[in-house]
Amino acid sequence: MTKDQATLTDSEIIERVLKGEKSLYEVIIRKYNPYLYKIGRSYNYNHEDTEDLMQDTYIDAYKSLNQFENRSNFKTWVTRIMLNNCYRKREKSSFKNEFSEENLRENVTPMYANTSNDTLKMVHNSELAALLEEALSKVPENYRMVFTLREMNGYSVEETAKLLDITEANVKVRLNRAKTMLQEFITQSHEVTELYEFNAVLCNPFTARVMDKINKLD
């Protein structure tokens with residue numbers, strides 16, 4: 001990806017891809033790999049299954065690019081596709097959600113003192129990161145997905161509610177509950193964005209694999 005390509009907006013990239021510059025789709029893949037990876041892992045899918053779901057998502061999005069009309073931002077659009085793919089895979093595997101909702105109000109105090117905007121920062125303490133990921137995997141899915149979208153991927157309450165088809169009040173309830181469950185494992189000195197990182201070592205071969213399949217389409 002060149003410096004010029006990195007400055008393109010999603011809308012500009014999509015417009016040029018639709019006009020035949022298929023190679024630019026790689027910019028989209030690299031940009032959203034970290035977000036989609038965190039979603040797949042938060043569904044408790046392993047690394048390999050998550051990559052397969054991401055690949056399906058990018059291909060589905062590519063095939064439907066001409067239907068994307070900027071009525072929502074591309075991040076929200078591709079996230080919804082990923083969520084749908086994760087949900088369908090879960091249903092095929094007959095996973096059951098046996099957890100009931102609890103009536104709690106959102107604690108507005110941030111769980112993390114996040115002083116860095118670098119969401120691609122490498123995990124400095126791999127043992128701690130593994131512990132936190134294991135802890136998050138034990139949080140019931142309905143709470144875990146709200147936590148992932150709000151805390152790890154930066155969606156607003158409104159966006160999260162729309163993506164998960166729940167009320168904004170439920171977003172606040174579930175986020176507060178997820179924070180409560182994780183509180184004993186996480187301290188202020190560690191960043192939530194360290195969870196489920198999809199760094200360049202993983203990103204490069206995965207992106208190449210998806211682009212190879214994209215180039216074979218049409």
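Residues take their numbers from the sequence shown, with the count starting at 1.
- For the residue pair Arg144 and Ser137, the shortest heavy atom distance occurs at NH1-O, 3.4 Å.
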Full working for side chain to side chain donor-acceptor pair (under 3.5 Å) between Arg90 and Asn44: CA-CA 10 Å; Arg90 185 192 63 185; Asn44 279 351; over 6 Å; no
Worked check of side chain to side chain contact (heavy atoms under 4.5 Å, CB included) between Ile28 and Tyr25: CA-CA 5 Å; Ile28 291 287; Tyr25 197 64; 4.2 Å; yes
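- Between atom CZ of residue Arg80 and atom OH of residue Tyr87 there is a gap of 14.0 Å, rounded to the nearest 0.5 Å.
- For Asp165, the CG atom sits in a loose shell: 12 or fewer heavy atoms of surrounding residues, nucleotides or ligands are nearer than 6.0 Å.
- Using a 4.5 Å heavy-atom threshold, the side chains of Leu18 and Asn66 count as touching.
- When atom types are taken as modelled, the side chain of Tyr58 and the backbone of Asn33 share a donor-acceptor pair closer than 3.5 angstrom.
- Using modelled atom types, no side-chain atom of Gln67 and backbone atom of Ser64 make a donor-acceptor pair closer than 3.5 Å.
- The salt bridge (charged side-chain N to carboxylate O under 4.0 Å, His left out) test applied to Glu168 returns no partner, not counting sequence neighbours.
- Residue Lys75 qualifies as enclosed at atom NZ: its count of foreign heavy atoms under 6.0 Å is above 12.
- Of the possible polar contacts, none joining the Glu51 side chain to the Glu48 backbone as a donor-acceptor pair under 3.5 Å is found.
- Remark: the backbone N or O of Met211 is paired with a side-chain donor or acceptor of Asn215 at under 3.5 angstrom.
- Ring geometry for Phe74 versus Trp77: interplanar angle of 30 to 60°, hence tilted.
- One finds the OG1 atom of Thr148 at 10.0 Å from the CD atom of Glu141 (value rounded to the nearest 0.5 Å).
- Separating the SG atom in Cys86 from the CD1 atom in Ile81 is a distance of 12.0 Å, to the nearest 0.5 Å.
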Side chain to side chain contact (heavy atoms under 4.5 Å, CB included) assessment of Val78 paired with Tyr35: CA-CA 10 Å; Val78 76; Tyr35 299 101; over 6 Å; no
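- Thr160 and Arg150 make their closest contact through OG1-CD, 3.3 Å (heavy atoms, listed as atom of the first residue, atom of the second, distance).
- Counting heavy atoms from C-beta outward, Thr79 and Tyr155 have side chains that approach closer than 4.5 Å.
- For Arg16, the salt bridge (charged side-chain N to carboxylate O under 4.0 Å, His left out) partners at least two apart in sequence or on another chain are Glu21.
- Between Leu149 and Glu159 the shortest side-chain heavy-atom distance does not fall below 4.5 Å.
- Between the side chains of Asn153 and Tyr32, no donor N or O sits under 3.5 Å from an acceptor N or O.
- Taking all atoms of both residues into account, the shortest heavy-atom contact from Met82 to Ile39 is CG-CG2, 3.9 Å.
- Distance NZ/Lys162 to CG/Leu164: 13.0 Å, rounded to 0.5 Å.
- You'll find the side chain of Glu15 stays beyond 4.5 Å of the side chain of Leu8, heavy atoms only.
- Cation-pi contact between Lys179 and Phe147: absent, since separation from the ring centre below 6.0 Å together with deviation from the ring axis within 45° is not met.
- The shortest side-chain heavy-atom distance between Asp49 and Asn46 falls under the 4.5 Å cut-off.
- The nearest pair of heavy atoms linking Leu53 to Asn85 is CD2-O, 3.6 Å.
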Verdict with supporting geometry, Asp10 and Asn73, side chain to side chain contact (heavy atoms under 4.5 Å, CB included): CA-CA 8 Å; Asp10 290 347; Asn73 62 52; over 6 Å; no
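- Between the side chains of Arg41 and Tyr37, at least one donor-acceptor pair of N or O atoms lies under 3.5 Å.
- Remark: side-chain polar atoms of Arg174 are not paired, donor with acceptor, to backbone N or O of Met145 under 3.5 angstrom.
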From CA spacing to verdict: side chain to side chain contact (heavy atoms under 4.5 Å, CB included), Val171, Thr167: CA-CA 6 Å; Val171 170; Thr167 67; over 6 Å; no
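- The CG atom of Leu182 lies 13.0 Å from the OH atom of Tyr143; values are rounded to the nearest 0.5 Å.
- A search for salt bridge (charged side-chain N to carboxylate O under 4.0 Å, His left out) contacts involving Asp52 returns Arg209, not counting sequence neighbours.
- Side chain of Lys22 to main chain of Ile214: a donor-acceptor pair is present (N/O by atom type, distance under 3.5 Å, no hydrogens or angles).
- Contact record, Met54 with Leu36: CG-CB, 3.9 Å, taken as the closest heavy-atom pair.
- Side-chain contact of Thr57 with Asp60: a donor-acceptor pair under 3.5 Å is absent, judged by distance alone.
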